Amino acid sequence: MVYPVRTFRWKVVTALTALALMAACKGGAKPAADLIITNAEVWTGDTERPRAEGIAVVGERIVAVGSAADIEAWRGPQTRVIDAGGKLAIPGFNDAHVHFINGGRQLDEIDLKDAATPQEFARRIGERAKQTPSSEWILGGGWDEQGWDPPDLPTKELVDTVTPSTPVFVNRYDGHMALANSVALRLAGVTSKTPDPPGGTVVRDSQGNPTGILKDAAMGFVNKVIPPMTAELRLRAAKRALEHAASLGVTSLHDMNPSYADMALYMTLAENGELTARIYVSPMETEWADLARIGIRRAFGSPYLRLGAVKGYADGSLGSTTAYFFEPYTDAPHTRGLLSDEMQPVAAMRERLMKADQAGLQLCIHAIGDQGISTVLDIFEEIEKAHGARDRRLRIEHAQHVAPKDFDRFARLQVIASVQPYHAIDDGRWAEKRIGPERIKTTYAFRTFLDKKVRLALGTDWPVAPLNPLPALYAAITRATLDGKNPDGWVPEQKITLEEAMRSYTMGSAYAEFQEKDKGSIAPGKLADLVILAADIFSIPPAALRDVKVDTTIVGGRVVYTSTR
Ligand SMILES: [Zn+2]
């Protein structure tokens, strides 16, 4: 169940909280709490007081964290009391990298993630076509040919017979390639004569005809002709996504590459008190000047909605062999991957990022291959040299395959590694075959990052991976690949502890959005974004972690989800 949060009252509520805190400090009569959580096993994430039994909240902020008796003192006649029944309470999860509207939309779209054979893939698309008016597109996907035998990419012929008049464009799960059927290729004007665009590939058969697979920038040919999302569909996607986040204990999220229409919708939802998660938006870096023109800088906004970051792409993905490496792919020796079209040439990207930095915007750059990452670090280094040291919190999104020489640069430049552990147990099934035994040693290198004092921000990249934080925590601490072939961990040297993973998913992500003073731990004065879990993740076997459910989610002192109450 989801309850609305009245965000427009936040200023009033903050003032009330300040009064309550002042009263408490002076030892005078303090107001009663609006909400107390009692009988809890509280993991605070706060080194001052790591554990507690209860939490008191006034308005949208925490006023006390302490023993049962400490919290009882805040109870008044109007206080809502949640008896946690001895369960674990934690700070809300903060997902540092999602594609929120896409995620919400995908909850409604065709799901091919577990289509175990090409026949099943075609069958599901055919089923969907029967229920879809022929003017509408079949979109979605999430397919993964690596689980098929043999692991060949699908072709348009596979689905053409079941979709004679319905355009189909379905993504691979990593979002870096997609399959178009013949109707979609025709609408997009893609033929054997279409040249590969910079940063993209039209996959062709032996006669030079498009097979239907379009990689990276080549997906633009089809994306251009897909009718824009209607306002109604966008609103439905946002609401589905917010409900989904609330049910999973995700109380904050960093939305990567939202469209301006998405951002406008968030503003409406914030105004109406309908945001049940706090959103930090990071539109495309190519649009930096729009924000700079009106003086918006990093983390500007209200507790529910902030802007001031921009997101760019340096390269592609490992699965699509488009992540950019110093050396060729082990299983595709003709290629080292591709720099993104924004990086053609690198100097153009450097110039834009320089200007965005000068304007005070935060930079979040997707980089996956070792040379892609290295090139972004070069740019970051030049930015710091040109504009001087400042608290920038530069971010590399994904930071998957790091050249050993670059860890020290990450640390020196204080670059945040915004990582998604679930990808590690997913890609871990086949990554070694793709890049060989040497490069995998510093792949998803969470341990090395922490040992080098590089800050991690955790997230999922939803809808590329599930939004659920529990499987992501499981991935970070077990590194047990999804195929069950590495029960003791894939590159086990890179495991991190649950405590470290939890800190990175709360405080680490809060720091990555300049909000560590307001979020990321359970402490007096902080926003009351709290989650009660159905099981104590610190005392169960690691293998059980991924199945743990959320009992209650609280955002700004309001219950936005409950499984039981
Ligand atoms: Zn992403």
Side-chain angles (χ1 to χ4, degrees), residues 93-107 109 113 140-142 144 171-178 199 215-217 219-220 223 237 241 244-245 250 252-259 262-263 277 279-287 309-320 322-324 337-343 349 362-369 372-373 376 394-401 415-427 444 456-469 471-472 475 504-505 508-509 512-513:
F93 290 105
N94 184 333
D95 192 316
H97 188 121
V98 298
H99 302 277
F100 203 56
I101 296 294
N102 284 346
R105 199 176 181 189
Q106 276 197 24
L107 294 172
E109 282 176 345
K113 180 115 194 160
D144 181 8
N171 284 305
R172 190 171 190 273
Y173 78 100
D174 62 5
H176 287 276
M177 60 169 108
K215 291 188 176 183
D216 286 294
M219 294 192 293
N223 283 328
H244 192 52
V250 177
S252 283
L253 50 98
H254 307 197
D255 190 23
M256 296 292 159
N257 310 116
S259 68
D262 297 344
M263 288 162 57
I279 304 182
Y280 185 38
V281 292
S282 191
M284 273 301 282
E285 56 83 15
T286 45
E287 314 294 330
V310 288
K311 154 86 189 299
Y313 289 88
D315 62 356
S317 78
L318 190 72
S320 295
T322 50
Y324 191 57
L338 290 168
L339 285 174
S340 68
D341 44 356
E342 294 165 69
M343 294 277 273
M349 176 76 128
Q362 187 184 13
L363 309 179
C364 315
I365 309 299
H366 162 126
I368 288 184
I373 292 168
V376 174
L394 299 166
R395 298 169 48 157
I396 291 189
E397 303 300 317
H398 311 306
Q400 272 175 217
H401 314 284
V415 173
I416 295 163
S418 169
V419 297
Q420 300 80 34
Y422 191 87
H423 291 341
I425 61 170
D426 199 345
D427 292 8
Y444 298 102
L456 296 181
L458 259 61
T460 59
D461 203 9
W462 185 57
V464 182
L467 183 62
N468 189 344
S504 305
Y505 226 129
S509 301
E513 56 159 334

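Remember, predicted model here, so these are calculated numbers, not experimental data. As the structure lists them, so they are numbered: ligands from 1, and atoms in each ligand from 1.
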Legend entry - Heteroatom count (protein N, O or S) under 2.8 Å of the Zn ion (ligand 1): 3
Inset, instruction - For residues T322 and D315, determine if any side-chain heavy atom of one lies less than 4.5 Å from a side-chain heavy atom of the other. - result: no
Inset, instruction - List in chain and number order the residues that pass side-chain hydrogen bond (donor to acceptor under 3.5 Å, both in side chains) with H99, two or more places apart in sequence or in another chain; answer none if no residue qualifies. - result: H97, D461
Inset, instruction - Under the side chain to side chain contact (heavy atoms under 4.5 Å, CB included) rule, collect the residues that match up with A475, sequence neighbours excluded. - result: P421, I425
Legend entry - Distance-only polar pair, side chains of Y313 and N257, donor-acceptor under 3.5 Å: yes
Legend entry - Carboxylate-amine/guanidinium proximity below 4.0 Å for D144 and R172: yes
Inset, instruction - With sequence neighbours left out, write down each residue that passes side-chain hydrogen bond (donor to acceptor under 3.5 Å, both in side chains) with H398, or none if nothing qualifies. - result: H366, Q420
